[in-house]
Amino acid sequence: MSTRIIIDTDPGVDDALTFLLALASPEIQLEALTTVQGNVTLEKATRNALSVLELANASHIPVAQGCSHPLVKSPHNSGEVIHGWSGMGQSNLPEPKSKIVDSHAIDYLIERFLAEPNEISLFTIGPLTNVALAIRKEPRIVSAIRELVIMGGAIRSGGNITPLAEFNIHEDPHAAYVVFHSGIPITLIPLDATYKCLLTSADVARLNKINSPIARFVRDATADYMAFYKQYEGFDGCALHDPLTLAAIIAPELLTLAEHYVSVDISGGVSTGKTFADFMKVWKKPPNMRVALDVKGREFVELFVERIMSLRGA
Ligand code: BDR
Ligand code: CA
């Protein structure tokens, strides 16, 4: 039986790759997308979500629009530097024909999880604003979410938006604090693991040996993203941050997971948004999540390419 999931997202190139991987994976039933500002503004994020679904012949999947601002901070949308002005690199996505659902993402999440407690898992690949507000509006959602898999944080690794902090958590650290300490069963996929999953230009060329709209989209969407990595991080490729969350379902054996007490700095200083694990158990608190500190990265990338090759698109 496949695992039913909702993805909360701020698309973003690697967000789009996550939807495609989910659609290409028989172990997963993608039930809905909810959008949040992050990499780009909320309007662009929502349009991108609808357009990628259209490209993948999946416009029947509902999209609910969520929050345009983090809880306390101002939005930066600094992801545009990496993901391009539109959020989708150099790709030209079709104008979406489908519309968003009537409910706000917060209400949509509450409605869906409370209607079928413990049946659906939530995957978050953007800032945690929508989820934090859903918890505050309807605390019963905590026991209704089967599992929450979060792309976010940098535990032993350095940050990618400040020297210490990872983008999704830094964009709304207060929301991350609420979610981390909510009691929902969490699996965290931080930069420690995602930077080991590098999609190279050779992988993209291999994928484009088949002539499909999806392969062309991956090539065009990742071109600037890869140029950014080459310029600033010195390698030929881009990290599959968000797609790696799906390994929790499709290839859990590739992840090295350990239970830890993890929190996030919201004190407002230089380390704001830094996620940290109490490895030495000095605070004597019970673990609040499973953390992926390592992954068989190349094996995951191979699986990704193989699955994406199976999608043809519109
Ligand atoms: C995260 O930041 C965003 O730019 C990506 O989409 C991913 O969710 C990686 O730090
Ligand atoms: Ca993202």
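None of the values given here were measured: they were computed from a predicted structure. The figures here come from the full heavy-atom set of this structure, side chains too, leaving out hydrogens, waters and symmetry mates. In each ligand, atom 1 is the first atom listed, and ligand 1 is the first ligand listed. Counting from 1, the numbers follow the sequence of the chain as shown.
Under 3.5 Å, the side chains of Asp220 and Asn92 contain no donor-acceptor pair of N or O atoms. One side chain, Asp265 or Ser271, offers a donor N or O that lies under 3.5 Å from an acceptor on the other. Side-chain N/O atoms of Asp14 and His241 include no donor and acceptor closer than 3.5 Å.
Sorted by chain and number, the protein atoms of type N, O or S within less than 3.0 Å of the Ca ion (ligand 2) are Asp10 OD1, Asp15 OD1, Asp15 OD2, Ile125 O, Asp242 OD2.
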Short N or O separations between ligand 1 and the protein, below 3.5 Å:
from: ligand 1; atom 1: 4 (O); to: Asn39; atom 2: OD1; distance (Å): 2.6
from: ligand 1; atom 1: 4 (O); to: His83; atom 2: NE2; distance (Å): 3.0
from: ligand 1; atom 1: 6 (O); to: Asp14; atom 2: OD1; distance (Å): 2.5
from: ligand 1; atom 1: 6 (O); to: Asp14; atom 2: OD2; distance (Å): 3.4
from: ligand 1; atom 1: 6 (O); to: Asp15; atom 2: OD1; distance (Å): 3.0
from: ligand 1; atom 1: 6 (O); to: Asn39; atom 2: ND2; distance (Å): 3.1
from: ligand 1; atom 1: 6 (O); to: Asp242; atom 2: OD2; distance (Å): 3.1
from: ligand 1; atom 1: 8 (O); to: Ile125; atom 2: O; distance (Å): 3.1
from: ligand 1; atom 1: 8 (O); to: Asn168; atom 2: OD1; distance (Å): 3.4
from: ligand 1; atom 1: 8 (O); to: Asn168; atom 2: ND2; distance (Å): 2.9
from: ligand 1; atom 1: 8 (O); to: Asp242; atom 2: OD1; distance (Å): 2.6
from: ligand 1; atom 1: 8 (O); to: Asp242; atom 2: OD2; distance (Å): 3.0
from: ligand 1; atom 1: 10 (O); to: Asn160; atom 2: ND2; distance (Å): 2.8
from: ligand 1; atom 1: 10 (O); to: Glu166; atom 2: OE2; distance (Å): 2.4

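Listed by first and then second residue, the salt bridge (Lys or Arg N to Asp or Glu O under 4.0 Å) pairs involving residues 17-37 are Arg4-Glu31, Glu27-Arg307, Glu31-Arg112 (not counting sequence neighbours). Sorted by first and then second residue, the salt bridge (Lys or Arg N to Asp or Glu O under 4.0 Å) pairs with a member in residues 118-140 read Asp107-Lys137, Glu138-Arg140; sequence neighbours excluded.
Interatomic distance, CG of Asn160 versus CD of Glu233, reported as 7.5 Å (0.5 Å rounding). The line from NE2 of His260 to CZ of Phe276 is 13.5 Å long, rounded to the nearest 0.5 Å.
Ring centers of His181 and Tyr177: under 6.0 Å apart, within the cut-off.
Each of Thr34, Thr41, Thr9, Thr35 was checked for a side-chain hydrogen bond (donor to acceptor under 3.5 Å, both in side chains) with Thr46, and the lone residue meeting it is Thr35.
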